[in-house]
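Written out below as structure tokens is the structure these notes cover.
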Amino acid sequence: MCEDDNLESSTGDHVTVLDVPVTLTHRHSAIPTRTLLPIAVLRVRGEIIFPRETFDWGVSRIFKASHPVRRREMAVAARLYLCSLKYPEIDFSDEADIDQLVWTYLFHRLYSPPQVAERIFPTWDQVVYEVVVEEFRIIRAFAHFCRKLPGCDSALGLALSGSSEVFDYELPARRDDFFSHLSVQRERWKRLAGLDPVFPKDLKRFGGSTPKRSQPREMTPHPDEVRAQIDAEKNVMLKALWILLYGTGIRIAEALNIWTCDVLPSSYSVSLCGYRTHGQPLIILAHPVDSTYTGKLTSSSNQPTRRMVLRQIDPSLDARPLLHDGRRLGWKGMSEANRERRYSWTFWNDLALAQEFESLVSSILAIHKQSGSDLRHPFFFCNPDPHTKFYGDMLRYQNAYGGWQRSCERVGIPIGEEGIAPHSARHFWKWRSEHVLGLSRQDRQLGLHHLSIGSQDDYGLRAEALYHKLAA
């Protein structure tokens, strides 16, 4: 259970999301699948309740979405249940009550005072409008599921399964349009809950604007923006790239230079890193030209370099440019954990992102197999579009950067000089490591491969210590 999923209202009622280990078999496969099933658990007036509709919805999503996605969906449903417990005046005796509850929920997500003592829901942090749009889509999907379910256990489930038209539409793309819509709810809010919000000016100022950032260039994105950008990305290759950048803090040139043999299960960590990791993929960062790690675990005196392997595949094939030509997008260099074979590895500072990345690896490997790209180049990130002549070609910086811009525009994140760039993911890793995980400056430098350690043995000890801090 995550800390943020242990939700409590001022009435003392609790709503919690628990992960239950389950084993299921898909109807098109004879191989059992072991996974975690997120479920919502309610404690109401001392009684423990498992709403049938949330359990059935969670089961129906097992083969349709990764565990991190399903857990976020269940957390949204759990918060909606908590909101209904907080406002018993919304008793669903009127068909419009479910609409009112949804608008109340969205209001509290957009407007949550910075002082915890002033909040209606103490654990609910304020989010940006783009996150609210995504959460409404989740609520809408849950409502559509309830409509197909033959009977719901809870009053909220029954209300969601009704004929409300609110779940037939998308929220407005523009924040101002949404605030104008909420303004008509003011009198009903005041009458039902004693809440007297001022629309639209006050809400726009507190809940509708993008969080301020401290730097004019390559700014650090808000965690909600990071989540919205990843969730809205439908291109599996780019989605995996965004997750890797945000979760490990590596540069985009380092990510694009990763070979397929660099993406490994954690079981390889002892052989390549010298210590054991659990629950996260191992990502090797090898020097794109001079590293002699090309997929073989053991080294030898006549091991070829990466450039030699590339030239054997195709004389014109080479790594992304180094920085000697002055281009910012090239390889910048890093401290290397294994100086003999010239490689290091990433440090995930978010286990959920690590697991989400791992869930996408099989889909990416399938693209390589279908496109025949593994016969043309060894790079992990490639063009996933089967309708172009570039299908399976190594993913180029220009295409990755264009995808980044589109992904930001899709969810309303500023780009350019007043917004974020791919390098902003590195700033986000540093911010999260410092302010969420409390890592020291030296640990952050080690994680970003800035810190120079005297001996390889010392580096290994420091790296293992950092891994345990991040995994704690």
Side-chain angles (χ1 to χ4, degrees), residues 64-69 221 225-265 280-286 288 295 310 313 317-321 329 331 346 348 350 352-411 413 415 420-426 428-429:
K64 298 177 181 178
S66 66
H67 171 257
V69 171
E225 293 177 309
V226 172
R227 193 65 259 173
Q229 181 183 5
I230 292 172
D231 288 344
E233 183 58 69
K234 304 305 180 185
N235 182 314
V236 64
M237 200 70 63
L238 295 181
K239 190 185 194 78
L241 181 56
W242 308 158
I243 292 171
L244 182 63
L245 296 180
Y246 281 122
T248 66
I250 63 175
R251 301 179 181 92
I252 189 169
E254 295 164 355
L256 294 178
N257 268 304
I258 288 173
W259 288 15
T260 302
C261 65
D262 297 333
V263 181
L264 299 164
Q280 53 184 258
L282 172 63
I283 311 297
I284 297 297
L285 299 176
L310 290 174
I313 298 174
L317 193 59
D318 206 348
R320 270 74 181 182
L329 60 90
W331 180 269
T346 62
W348 293 93
D350 188 324
L353 287 182
Q355 293 173 342
E356 192 171 358
F357 177 88
E358 191 168 38
S359 71
L360 300 175
V361 170
S362 60
S363 298
I364 293 177
L365 295 180
I367 292 173
H368 283 288
K369 183 177 180 179
Q370 293 165 5
S371 66
S373 61
D374 52 343
L375 302 176
R376 307 199 304 269
H377 66 79
F379 295 101
F380 180 73
F381 290 104
C382 68
N383 189 317
D385 188 355
H387 303 295
T388 72
K389 64 179 181 180
F390 305 108
Y391 182 40
D393 286 357
M394 54 191 286
L395 184 62
R396 301 191 178 279
Y397 176 86
Q398 291 82 356
N399 293 336
Y401 186 74
W404 174 276
Q405 290 180 311
R406 291 190 296 274
S407 71
C408 291
E409 292 169 351
R410 192 177 295 125
V411 294
I413 301 175
I415 57 177
I420 68 173
H423 197 76
S424 302
R426 194 166 174 85
F428 179 77
W429 188 97

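Side-chain atoms are counted along with the backbone in the values below, which use heavy atoms only and exclude waters and symmetry mates.
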**Prompt:** What is the distance from atom CD1 of Ile364 to atom CZ of Phe357, rounded to the nearest 0.5 Å?
**Reply:** 6.0 Å
**Message:** Between Met394 and Arg376, is there a side-chain heavy-atom distance shorter than 4.5 Å?
**Reply:** no
**Request:** Check whether any side-chain heavy atom of Pro281 sits under 4.5 Å from a side-chain heavy atom of Val361, and report yes or no.
**Result:** no
**Request:** Test Asn235 against Trp242 for side-chain contact (heavy atoms from CB on, under 4.5 Å), laying out the working first.
**Result:** CA-CA 11 Å; Asn235 182 314; Trp242 308 158; over 6 Å; no
**Request:** Determine the minimum heavy-atom distance between Ile284 and Leu264, stating which atoms define it.
**Result:** CG1-CD1, 4.4 Å
**Request:** Find out whether Tyr391 and Ile367 are in side-chain contact, i.e. whether some heavy atom of one side chain is under 4.5 Å from a heavy atom of the other.
**Result:** yes
**Item:** Rounded distance (nearest 0.5 Å) linking atom OG of Ser363 with atom NZ of Lys239
**Value:** 11.0 Å
**Counterpart residues, side chain to side chain donor-acceptor pair (under 3.5 Å), relative to Arg406 (two or more places apart)** = none
**Prompt:** Looking only at heavy atoms, what is the nearest atom pair of Ile250 and Leu245, with distance?
**Reply:** O-CD2, 3.4 Å
**Prompt:** Taking atom CG of Leu241 and atom CZ of Phe381, what is their separation to the nearest 0.5 Å?
**Reply:** 4.5 Å
**Item:** Atom pair CD1 (Ile283) and CH2 (Trp348), whose distance is rounded to the nearest 0.5 Å
**Value:** 5.5 Å
**Asked** For Glu356, which residues count as a side chain to side chain donor-acceptor pair (under 3.5 Å) partner, sequence neighbours excluded?
**Response** Arg227
**Fill in**
Tightest non-hydrogen contact, residues Ala400 and Leu238, listed as CA-CD2, 4.5 Å
**Fill in**
side chain to side chain donor-acceptor pair (under 3.5 Å) filter on His368, not counting sequence neighbours, yields Ser373
**Prompt:** Side-chain contact, heavy-atom cut-off 4.5 Å: Ile420 with Trp404?
**Reply:** yes
**Request:** Identify the heavy atoms of Tyr246 and Phe428 that sit nearest to each other, and give their distance.
**Result:** CD2-CD2, 3.7 Å
**Reported CG-to-NE2 distance for the pair Leu395 and His377, which is rounded to 0.5 angstrom** = 9.5 Å
**Request:** Apply side-chain contact (heavy atoms from CB on, under 4.5 Å) to Leu285 and Thr248, showing your working.
**Result:** CA-CA 11 Å; Leu285 299 176; Thr248 66; over 6 Å; no
**Prompt:** Any idea which heavy atoms bring Glu409 and Ile415 closest together, and the distance?
**Reply:** OE2-CD1, 3.5 Å
**Complete:** One should read off an interatomic distance between Ser371 OG and Asn383 CG, to the nearest 0.5 angstrom, of 9.0 Å
**Request:** Apply the test side-chain contact (heavy atoms from CB on, under 4.5 Å) to residues Phe379 and Thr260: give CA-CA distance (whole Å), side-chain angles for both, the deciding distance (0.1 Å), then the verdict.
**Result:** CA-CA 6 Å; Phe379 295 101; Thr260 302; over 6 Å; no
**Message:** Check this for me, if you would: do Asp374 and Lys369 make a salt bridge, where the nitrogen-to-carboxylate-oxygen distance has to be below 4.0 angstrom?
**Reply:** no
**Prompt:** Which heavy atom in Gly249 sits nearest to a heavy atom in Arg426, and how many Å separate them?
**Reply:** O-NH1, 2.7 Å
